Asker: 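Following this message is one structure expressed as structure tokens.
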Amino acid sequence: MAATRAGSRACEIFTALEYGPVPESHACALAWLDTQDRHLGHYVNGRWLKPEHRSSVPCQDPITGENLASCLQAQTEDVAGAVEAARTSLENWSTQPGAFRAQHLTRLAKMIQKHQRLLWTLESLVTGRAIREVRDRDVPLAQQLLQHHAVQAHTQEEALAGWEPLGVIGLILPPTFCFLEMMWRICPALAVGCTVVVLVPPASPTPLLVAQLAGELGQFPGILNVISGPASLGPVLASQPGVQKVAFCGAIEDGRALRRALAGQGPELGLALGAESLLLLMETADVDSAVEGVVDAAWSDRSPGGLRLLIQESAWDETMRRLQARMGRLRGGRGLDGAVDMGARGAAARDLAQRYVREAQSQGAQVFQAGSMPPDSPFFPPSLVSDLPPASPCTQAEVPWPLVVASPFRTAKEALAMANWTPRGGSASVWSERLGQALELAYGLQMGTVWINAHGLRDPAVPTGGCKESGSSWHGGPDGLYEYLRPSGTPTRLPYLSENLNYDTFGLAVPSTLPAGPETGLSPAPPYGLFVGGRFQAPGARSSRPIRDSQGDLHGYVAEGGAKDIRGAVEAAHQAAPGWVGKSPGARAALLWALAAALQRRESTLVSRLERHGVELKVAKAEVELSVRRLRAWGARVQAPGCTLQVAELKGPVLRLQEPLGVLAIVCPEEWPLLAFVSLLAPALAHGNTVVLVPSGACPIPALEVCQDMATLLPGGLVNVVTGDRDHLTRCLALHQDIQALWYFGSAQGSQFVEWASAGNLKPVWVNRGYPRAWDQDAEGAGPELGLRAARTKALWLPMGD
Amino acid sequence: MSAHQRGTELDLSWISKIQVNQPAVLRRAEQIQARRPVKKEWQAAWLLKAVTFIDLTTLSGDDTSSNIQRLCYKAKYPIREDLLKALNMHDKGITTAAVCVYPACVCDAVKALKAAGCDIPVASVATGFPAGQTHLKTRLEEIRLAVEDGASEIDVVINRTLVLTGQWEGSDFIKTSTGKETVNATFPVAIVMLRAIRDFFWKTGNKIGFKPAGGIRSAKDSLAWLSLIKEELGDEWLKPELFRIGASTLLADIERQIYHHVTGRYAAYHDLPMS
């Protein structure tokens, strides 16, 4: 009777022409879990580790709730053991020739290819994501990443001369997308010679499988170690001896907390935060294709987060109609079904979406939901939120998966203002068939990645990252490699934590100054005041600080800057920014050279000022001469920003743009009062930043001398110099939310404070951790590191043709 | 195609407003083919449905009454009876949507279909097929003669000189291509045409049909076309009045797939009747 039943079914389907289930067998994933007796441990040094007396967490199918396996929760010893393994294998791995590492990565790529079915079924099974996306995109991309970085390793000695691997890298991953996020980061790290310890959330077996595949290559088992444990072990991982960098990927607030926790710790911190994306739709767009862009961005299991959708008012009705019609055709279901667009991501993701929708509705928003979706938990339907009042809390909050929040705008200018009116700066797409308009918007968006007429394209050769609170670390492309390199000869990073540093009071009070004895004077008298907005101004506090020469004699007062002066300086710098960014590279170079010439004319004054501070005549002359050279060198390095990247399977270029950071604050070191000041200022200006500087505290006079030339040569506000109590000024700068980056060269405590305080707006910081730097050596005083730190990357995708 | 389009005032501003981003459409075309696989019973039922959309076509210079007759018989009995029985679909009157021949063969086709006792419509390509580069007068005469001979559907080749200079014509159906070009029915082109059909429907309430022709040879291709229509236009377009597939060899492959579904074995071509 089976035939008849099948027959009646055929008739039913023939009439309704519905889609049927296309289940992908996950038998091999279960068989793999069986090899571990459904009990997963850590994978360290080429072996499974299952230490006893650990609590365990169930790994469940997010859709059926079925228990698939139990996973260990790591404890401190497990982390220490994994770091130890990575540290032991580091010496051997990092000293291999690049060509050898390239071969090893290629072997891993082949290993993944051989076991791809296991990888994609396991990943889809445990994450609930649509298998189509994992199978057709993630797994091939993982192989491409390995192959791309194998090539980078092969050419490393030549292409990355002067750089060396950082050492042991700690990687902390989010619960969703951890397999691919791991590949984006381990590939460059391993390629350049680092070894890695990955901390994955428990119940994420795919990274463990990748580690096992790598371990089964036989050689170098300790280069990739995966431990499963809570993200709260992050600081523990960071504090292990030998860990040189911690790369974190996850929620913004978690990143902020980690930034604070790691202030003063040894490792550098790379953050990639948030998951929201943006789509900007102009009336000149191919609206149907843009609607597909929305699907790619939010409803195809391709990206971890939700979407902010900005639609030009004149195209609003047309777009909403098409969008709603398209939503009706979306299919949700079990991720292992080959014909669904969206799977489910577990209860936490669902609850987050549900909360946002409820809150948006209570604030007066319209919510449209559609698509054929199983009605019960854990599924959540594709949702389109509109009419959200502009000032409601929901408009400020990050849009969660699988939501799209649409708002109208009138003009391109308004679109740009709205798009940038957010603390986040991840990725965005611009949809317009007008080339000029699209490019204008793409350049104006403060984002790490911008696609024109596409959304969500990725390639190993293209750097992906962000700015603002999305964090400033990169993966992929050349930028991804520098994340795991340091200039050769840089000392190993050790913790410099000062336990008794009180963040609440550091630099809070300014010691009051009283008349300090007879002034012996300088001739001619240096200008008095803070150099803000292109002229010397009296400080807000109306008080001064004494400057003594090397004999201890008072030879004058400089202005005592404070919070208000920093505020004024940052405002002036912001006002000067558009003009400076808009200048051609040639014009910028000319100004730097003019400043160099002016410095040369002022040589005798500068030399005498330095001499008064106990610098020998010969050394003082050399310092001035070197400063002039630095300005000339950075002037010559001002290039038209950007280069074109080659991407397989894409017609049209991807531009790697080097954009200014914005307002860059620099606290100069005490030593080399002129040279360090110029060496830091020059690359900042060359890359189009506007600057607020705090000069040497003991010897600010040479910097103020240079300000006299800047007053006549440079546009007002481009460079602002504030003298005063360094700790106090550092505090004001580090806590300022509208400064885009901060370089600090001072005490260890100051460095620690800066790292802690930067968590506010997550500005990238560069601190010297209390160590001196050889400013007179080209490697440290004018090396490529300064250029990399003075700019941020933007990847601009321009697909074209067929 | 009983209800003819009354048409609407030609408004060229609609056309000039249309924006098409080629790389984005190409991406969509790739996605549609990968995102909606249809398997097992669903595949069998969908394939039978696809049969009912086929304009079973022969457009060869050497067409004669004997192969036209064979074609017409195949149109009436597209799938082996025992296979349909196994699926319990033998009494659903599954035939192809039409047979499609040159004007000179219309007579033969009408006669053959009558003899087979069925009312499958005869479609004829006309108007200087495939280039359309003949005089308007002879083209109109060609249509008249084909209709006189009993053709009830005419595939008109529009004058592309007029199109390329912006002078459009109206129709009940639009067809991707003649099937005689080097590149014929492709997904990206179809997507653009389907979106135009939908926009026209939204503006005027008139439903225009769609017929891809040329190069659709495999059963898998036909499933992809069905899901393309379903995704871009919706189920209401999935009926012979609004969707046809112009094909000659497709039916043979569909029949083999049905054979496989029913028997679990792959058929040789000679296991199934020739068309």
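Lettering follows sequence order; numbering is per chain, from 1. It should be emphasised that the depicted structure is a prediction, and the values quoted were computed from it without experimental measurement.
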Asker: Could you tell me whether a side-chain N or O of B:Trp42 sits under 3.5 Å from a main-chain N or O of A:Ala10, the two making a donor and an acceptor?
Answerer: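 No, the answer is negative, given that no donor and acceptor are paired below the 3.5 Å cut-off.
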Asker: Answer yes when A:Arg329 and B:Glu231 have at least one side-chain N-carboxylate O distance shorter than 4.0 Å, and no when they do not.
Answerer: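 Answer for the salt bridge query: no.
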Asker: Within the 4.5 Å heavy-atom criterion, are B:Lys92 and A:Cys11 side-chain neighbours or not?
Answerer: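 When only atoms from C-beta onward are counted, A:Cys11 and B:Lys92 do touch, with a gap below 4.5 Å.
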Asker: For B:Arg35, which residues count as a side chain to side chain donor-acceptor pair (under 3.5 Å) partner, sequence neighbours excluded?
Answerer: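 Result, side chain to side chain donor-acceptor pair (under 3.5 Å) vs B:Arg35: none returned.
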Asker: If you round to the nearest 0.5 Å, how far is NZ of B:Lys39 from CG of A:Asp337?
Answerer: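 The distance works out to 11.5 Å.
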Asker: Around atom NZ of B:Lys203, are there more than 12 heavy atoms of other residues, nucleotides or ligands at under 6.0 Å?
Answerer: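 Yes, enclosed.
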Asker: Of the backbone (N, CA, C, O) and the side chain (C-beta and beyond), which part of B:Thr52 lies under 4.5 Å from a heavy atom of chain A, both, or neither?
Answerer: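 When you check distances to chain A, only side chain atoms of B:Thr52 fall under 4.5 Å.
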Asker: Looking at residues at least two apart in the chain, or sitting in another chain, which of them share a ring pair (Phe, Tyr, Trp, His ring centres under 6.0 Å) with B:Trp225?
Answerer: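 Here the qualifying residues are B:Phe187.
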Asker: In the structure I gave you, are the side-chain heavy atoms of B:Pro37 and A:Arg132 within less than 4.5 Å of one another anywhere?
Answerer: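 No, side chains not in contact.
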Asker: Taking the side chain from B:Lys49 and the backbone from A:Phe14, do they hold a donor-acceptor pair closer than 3.5 Å?
Answerer: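 Checking the backbone N and O of A:Phe14 against the side chain of B:Lys49, a donor-acceptor pair under 3.5 Å is found.
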Asker: With respect to chain A, which residue among B:Val38, B:Asp199, B:Ile191 yields the maximal number of heavy-atom pairs within a distance under 4.5 Å?
Answerer: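 So the answer, after comparing B:Val38, B:Asp199, B:Ile191, is B:Asp199.
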Asker: Which pair of heavy atoms, one from A:Asn453 and one from B:Arg27, lies closest together, and at what distance?
Answerer: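 Shortest heavy-atom separation between A:Asn453 and B:Arg27 comes out as O-NH2, 2.9 Å.
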Asker: Is chain B contacted by the side chain of A:Ile452, its backbone, both, or neither, given a heavy-atom distance below 4.5 Å?
Answerer: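 Neither; nothing under 4.5 Å.
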Asker: Nearest 0.5 Å please: distance from the CG atom of B:Asn21 over to the CE atom of A:Met800.
Answerer: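 Answer rounded to 0.5 Å: 12.5 Å.
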Asker: Other residues, nucleotides and ligands only: do more than 12 of their heavy atoms fall within 6.0 Å of OH on B:Tyr73?
Answerer: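 Atom OH in B:Tyr73 is not packed in, count stays at 12 or less.
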Asker: Taking atom CZ as the centre, does A:Arg137 end up with more than 12 heavy-atom neighbours from other residues, nucleotides or ligands that are less than 6.0 angstrom away?
Answerer: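 Yes, CZ of A:Arg137 has more than 12 neighbouring heavy atoms, counting only those of other groups under 6.0 Å.
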Asker: Look at A:Thr284, A:Val287, A:Val295 and state which one has the largest set of heavy-atom pairs under 4.5 Å with chain B.
Answerer: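 Among the listed options, the one with the most contacts to chain B is A:Thr284.
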Asker: Can you say whether A:Arg331 sits under 4.5 Å from chain B via the side chain, the backbone, both, or neither, judging by heavy atoms?
Answerer: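 Both backbone and side chain.
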Asker: Using a 4.5 angstrom heavy-atom cutoff, name the option from B:Arg198, B:Glu232, B:Gln43 with the most pairs to chain A.
Answerer: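 Looking at each option in turn, the highest pair count goes to B:Arg198.
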Asker: Rounded to the nearest 0.5 Å, what's the gap from CZ on A:Arg9 to CG on B:Leu87? Could you check?
Answerer: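 Rounded to the nearest 0.5 Å, the CZ-CG separation comes out at 12.5 Å.
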Asker: Could you tell me which portion of B:Leu47 (side chain, backbone, both or neither) has an atom closer than 4.5 angstrom to a non-hydrogen atom of chain A?
Answerer: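 Neither the backbone nor the side chain of B:Leu47 comes within 4.5 Å of chain A.
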Asker: Using a cut-off of 6.0 Å, state whether more than 12 heavy atoms not belonging to B:Asp119 lie near its atom CG.
Answerer: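 No, not enclosed.
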Asker: Give, as side chain, backbone, both or neither, the part of A:Thr15 having an atom under 4.5 angstrom from any heavy atom of chain B.
Answerer: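 When you check distances to chain B, only backbone atoms of A:Thr15 fall under 4.5 Å.
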Asker: Is there a side-chain contact between B:Gln31 and A:Asp296, using heavy atoms and a 4.5 Å cut-off?
Answerer: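 Of all side-chain heavy-atom pairs linking A:Asp296 with B:Gln31, at least one is under 4.5 Å.
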Asker: In sequence, state the C-alpha distance, the side-chain angles, and the governing distance for B:Gln19 and A:Asp288, and then conclude on side-chain hydrogen bond (donor to acceptor under 3.5 Å, both in side chains).
Answerer: CA-CA 9 Å; B:Gln19 300 286 354; A:Asp288 284 306; over 6 Å; no
Asker: Of all of A:Ala130, A:Ser289, A:Ala285, A:Ser300, which one pairs up most often with chain B through heavy atoms under 4.5 Å apart?
Answerer: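 Most pairs with chain B among the choices: A:Ser289.
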Asker: Using non-hydrogen atoms and a 4.5 Å limit, figure out which bit of B:Leu48 sits close to chain A: side chain, backbone, both or neither.
Answerer: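 Both parts, heavy atoms under 4.5 Å.
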Asker: Counting only heavy atoms closer than 4.5 Å, note whether A:Ala325 contacts chain B via side chain, backbone, both or neither.
Answerer: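 Side chain only.
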Asker: Check the surroundings of atom CD in A:Glu440: do more than 12 heavy atoms from other residues, nucleotides or ligands lie under 6.0 Å from it?
Answerer: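 Check fails, neighbour count at 12 or below.
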Asker: Do B:Arg36 and A:Asp341 meet the salt-bridge criterion of a basic N to acidic O distance under 4.0 Å?
Answerer: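 Salt bridge: yes.
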Asker: Do you know which of A:Gly293, A:Gly652, A:Gly338, A:Ala16 has the most heavy-atom pairs with chain B at a distance under 4.5 angstrom?
Answerer: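 So the answer, after comparing A:Gly293, A:Gly652, A:Gly338, A:Ala16, is A:Gly338.
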Asker: Do the side chain of B:Lys230 and the main chain of A:Leu17 share a donor and acceptor less than 3.5 angstrom apart?
Answerer: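 Checked: pair present.
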Asker: So which residue, B:Leu233, B:Asp235, B:Val262, ends up with the most heavy-atom pairs under 4.5 Å with chain A?
Answerer: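 Maximum pair count with chain A is reached by B:Leu233.
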Asker: Rounded at 0.5 Å granularity, tell me how far CD in B:Gln22 sits from CG in A:Asp286.
Answerer: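 Separation between the atoms: 11.0 Å.
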Asker: Could you grab the distance from atom CZ of A:Arg322 to atom CH2 of B:Trp202, nearest 0.5 Å is fine?
Answerer: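 Separation between the atoms: 5.5 Å.
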Asker: Contact part of A:Glu133 toward chain B, heavy-atom cut-off under 4.5 Å: side chain, backbone, both or neither?
Answerer: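 Contact with chain B: side chain only.
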